[in-house]
4 protein chains.
Amino acid sequence: MVKEVRTPTQKRSIDKTKKILNTAKALFSKKNYFNVTTNEIAKEAGVSIGTLYSYFSDKEAILVALLNDYNASFITIFDDINTQDFLELFKSEPRRCLELLINKLLKNENEEFHNQIEMLAFTIPQVKSVLENHNHKVKELTYHCFLHYIDVEESAELKALSTIIFNIISSTVDEIIYSNHSNKEKELLKAKSIDCIMLIINNAIELSKLK
Amino acid sequence: MVKEVRTPTQKRSIDKTKKILNTAKALFSKKNYFNVTTNEIAKEAGVSIGTLYSYFSDKEAILVALLNDYNASFITIFDDINTQDFLELFKSEPRRCLELLINKLLKNENEEFHNQIEMLAFTIPQVKSVLENHNHKVKELTYHCFLHYIDVEESAELKALSTIIFNIISSTVDEIIYSNHSNKEKELLKAKSIDCIMLIINNAIELSKLK
Amino acid sequence: MVKEVRTPTQKRSIDKTKKILNTAKALFSKKNYFNVTTNEIAKEAGVSIGTLYSYFSDKEAILVALLNDYNASFITIFDDINTQDFLELFKSEPRRCLELLINKLLKNENEEFHNQIEMLAFTIPQVKSVLENHNHKVKELTYHCFLHYIDVEESAELKALSTIIFNIISSTVDEIIYSNHSNKEKELLKAKSIDCIMLIINNAIELSKLK
Amino acid sequence: MVKEVRTPTQKRSIDKTKKILNTAKALFSKKNYFNVTTNEIAKEAGVSIGTLYSYFSDKEAILVALLNDYNASFITIFDDINTQDFLELFKSEPRRCLELLINKLLKNENEEFHNQIEMLAFTIPQVKSVLENHNHKVKELTYHCFLHYIDVEESAELKALSTIIFNIISSTVDEIIYSNHSNKEKELLKAKSIDCIMLIINNAIELSKLK
DNA sequence: AATGAATGAGACTTCATTCAT
DNA sequence: TATGAATGAAGTCTCATTCAT
């Protein structure tokens, strides 16, 4: 039997969908996906459980909807950066670009919920694939900036360096979000990360010239 | 009511404990802790559910036992490295030491289960604390090597650099374990990571001399 | 985790609550509280186990609800008697009053279930306290009637006599309910009990006059 | 399959049996029969669960053995009283006899365990029948004393009075054991109970003479 | 469309009892 | 005889999901 799930088109419906999603997001963030019940979400959202199930086929569908929002938000932010202009700007002002990138990434993260997403990536393939896609995009961007900046042939070595640079960015973002550093420490970490990345990039250029 | 849990002293008991733990580990890795039932573990381990509960007070106790094993294994590996000799060796052969450290860390990881552990860290405080402790230890070791090597005063800057170095090591280890790179790529990544770290360290030394 | 338990407001719900309670009462009476399972109650009551648990947080809650009914029924009966009028009437027609009291007490008892209540008083403090409260009330009433009737100062002796009178009433009620006497024997026992009580009361008056 | 249960003949065995029974009695008294596990009894008694089951066919068998002890103890005490001599003595010194009877009954009671026995009488027929037998014996004794004392024909009325007297004795014994009266109050209650009984007996004699 | 009472599979856990050693 | 590890039926309770109103 095919399950009919209402696609909300009217305003009231959309409001309800949003209310459910926001509530679910808050609860998942606070209590962990596995410890939140659909009845709880419905109650907290002020709708009946029946209504909840008329908008979402099952519990995982709520998560997937949230995941899609999360993804959309990332894409919006990412597309803002992933432009030819950015590549060009990187050439002249790489430090500023790196800082911009890090700040953009920081912007998308909503600590508690991101936590849940990361956790569920270990369990729910669809979540994993979304996160992998994000990482892939940022990795590619990093790589392209890198290539564009130093203007050399692609190579396994550059790919490896690019991976390392991505990891530095990524771990710095995580460190800033999840660790309880002071703001001063966070700023210092950000600055030093950029220093290190520049060091790596410049070193790569020098090495490539030597060849 | 106080719960009696058999403490295994005899060989057969220890075997059973191990069987249960191994089975649980495999199932947790494959299906996620929250989706594995105690009955399933018992069945798969070839013991009755009663036996399982005579060795472990509840499901979480099984996880905690696995976590303790995981922790013990880490500590063993870590203590092997965390010595004065290592610090000294680092001074003369930092690259070799870094490689050693990475190899040791790689040794401890058991892909699928480590995944679960990381996931559960988001949910179960005890798991989180064990992982944080591991990271803390490695971070401290990195920092000490660093200080010892460049032989300068502690500073917020060095602390930040040390964090970045730790993150490079850590993310490289993860990348090697979890990503499906070819062996060649893995080796390259490892080598390049070490290069980058050396670059950061040496740059720090030069900067400190300039002051 | 806070447990949601449906508070029945609608007719159907109240019916279900009643159905569950009646079934539970019957089963507890027949088979003993400890030998009755919640699944059994649900099945017998014609509801699902989930429904049962949506009305009662756990097995003990069912018992408590029955206990409350039992208590309420007692209170209703008791308050009917525990009046100034009754005290006055006792002065002029003590025998009739005693008979009234015994009949009222007999009315509240529902042989099999009372049995369970008494049994559980040995085990569950809440049950014990309800029964003790009932006894206390009847004891006090007896005492007040007594004092009012013979119109003397309170004393340890009168208190003891009052306890004995209460015990006669109480044991007679039990004897009538639980023993398989013929109706004729029951009536005789009731009459004789009243005789004895009057004997005790009148004797107390005479003694008090002698002093 | 017929179950072989060892009948202990050797000293060590008897010791073990006793140890098990004493432990069980203590645990049943403290925690309620239904909340005590056989494993717990075995452990506390310092024997293996296998040994326990080699002496007792099942959990109820332990209870039955305790019940038999309890019964035997009662019978011993009761037979001590239930003699022609006692009947004769009653004629001359009824008050002393009544006090003796009450004291004997008090002697047999072991508050906590008696509690359990009474509770289980509601559930386990065998227990019920033992208690009923005790009551029956005491009732008969009371009746015979009564008849012997007042030296009249049996009659339904006397039977009823006898029941009331038995109930006074019985409830007084319970009151003394289970209620937290002071010792002084207990003595007073005992004395007053005897007074009341004598009052009832003497009144019966007078009434019989009038006929 | 919305409601929320109802469902019941299945999770976790206990404990009387057995049986190989 | 004694042991105690092992058993598994059975109990309590949860929660995603349905469906009559």
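Naming convention: chains lettered A, B, ... in sequence-line order (proteins, then strands); numbering from 1 in each chain.
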Expected rows: protein N/O vs nucleotides 8-11 of chain E N/O, under 3.5 Å:
from, atom 1, to, atom 2, distance (Å)
E:dG8, N7, C:Gly50, N, 3.3

Output the rounded distance in Å from [atom1] ([X]) to [atom2] ([N]).
{"X": "C:Phe34", "N": "E:dT14", "atom1": "CZ", "atom2": "C1'", "value": "15 Å"}
{"X": "A:Tyr55", "N": "E:dA1", "atom1": "OH", "atom2": "P", "value": "7 Å"}
{"X": "A:Asp58", "N": "F:dT18", "atom1": "CG", "atom2": "P", "value": "9 Å"}
{"X": "D:Leu27", "N": "E:dC15", "atom1": "CG", "atom2": "P", "value": "13 Å"}
{"X": "B:Lys19", "N": "F:dA6", "atom1": "NZ", "atom2": "C1'", "value": "16 Å"}
{"X": "B:Leu52", "N": "F:dT7", "atom1": "CG", "atom2": "P", "value": "11 Å"}
{"X": "D:Lys31", "N": "E:dC15", "atom1": "NZ", "atom2": "P", "value": "9 Å"}
{"X": "C:Ile20", "N": "E:dA5", "atom1": "CD1", "atom2": "C1'", "value": "12 Å"}

Any donor-acceptor pair under 3.5 Å linking the side chain of [X] with the backbone of [Y]?
{"X": "B:Thr76", "Y": "B:Ala72", "result": "yes"}
{"X": "A:Thr51", "Y": "A:Val47", "result": "no"}
{"X": "C:Ser73", "Y": "C:Asp69", "result": "no"}
{"X": "B:Ser29", "Y": "B:Lys25", "result": "yes"}

- Reckon D:Tyr53 has a side-chain N or O less than 4.0 Å from the OP1 or OP2 of F:dT3? no
Contact under 4.0 Å: B:Lys16 side-chain N or O vs F:dA6 OP1/OP2: yes
The side chain to side chain donor-acceptor pair (under 3.5 Å) partners of B:Glu40 (sequence neighbours excluded) come to B:Lys31
Discussion item. Over all strands shown, is C:Lys43 touching base, sugar-phosphate only, or nothing at heavy-atom distances under 4.0 angstrom?
Written reply: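 No contact.
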Could you label the plane-to-plane angle of the C:Phe113 and C:Tyr70 rings as parallel, tilted or perpendicular, counting under 30° as parallel and over 60° as perpendicular?
perpendicular
Q) Would the number of heavy atoms belonging to other residues, nucleotides or ligands and lying under 6.0 Å from CD of B:Glu44 be above 12? A)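 Not more than 12 within 6.0 Å, no.
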Nearest non-hydrogen partners of B:Tyr53 and B:Asp58, listed with the distance |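 Shortest heavy-atom contact: CE2-CA, 3.9 Å.
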- [ ] Using the six-membered ring of A:Tyr33, assess whether NZ or CZ of A:Lys59 lies under 6.0 Å from its centre and within 45 degrees of the ring axis.
- [x]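 So A:Lys59 does make the cation-pi contact.
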Each base of DNA chain F marked ( ) or [ ] if paired in-strand (Watson-Crick or G-U under 3.5 Å), | if paired to another strand and . if unpaired gives .||||||||||||||||||||
